[in-house]
Amino acid sequence: MDEPLLIADLRLAGVGLRVIAGQIDRSAGMVSRELRRNGSAPDGLGHYFPYAAQKRAELCGRRPKVSKFDKMEGVFRGRQEMQVSPETIY
């Protein structure tokens with residue numbers, strides 16, 4: 001089962017943080033932070049919204065990343081001896 005859904009189910013059943021943490025093999029602090037971030041109450045004692053938590057995590061995880069190869073190509077444009085390819089590294 002997906003972790004956020006399991007956290008939501010166990011929390012709804014009234015299970016404590018340490019037991020939830022043991023069930024998903026995470027620390028109690030991680031579970032507490034997750035409930036605070038994505039719960040309806042600031043103390044984490046309100047309802048937990050697993051789908052909103054997943055959506056938030058997906059949105060926060062997206063960043064435009066520039067490849068190191070692209071950076072080097074811009075710095076050493078036109079200098080063939082400074083060009084690198086993955087085959088060169090391995």
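Not measured: the values here are computed from a predicted model.
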Rounded distance (nearest 0.5 Å) linking atom CD of Glu34 with atom CD1 of Ile20: 11.0 Å
Rounded distance (nearest 0.5 Å) linking atom OH of Tyr48 with atom CZ of Arg37: 9.5 Å
Which residues pass the side-chain contact (heavy atoms from CB on, under 4.5 Å) test with [X], not counting sequence neighbours?
X     : result
Tyr51 : Leu5
Ala28 : Arg18, Ala21
Leu59 : Lys55, Arg62
Arg26 : Glu3, Ile24, Met30

Verdict with reasoning, Leu17 to Arg11, per side-chain contact (heavy atoms from CB on, under 4.5 Å): CA-CA 8 Å; Leu17 294 177; Arg11 192 67 182 160; 4.2 Å; yes
All side chain to side chain donor-acceptor pair (under 3.5 Å) counterparts of Gln54, not counting sequence neighbours: Glu58
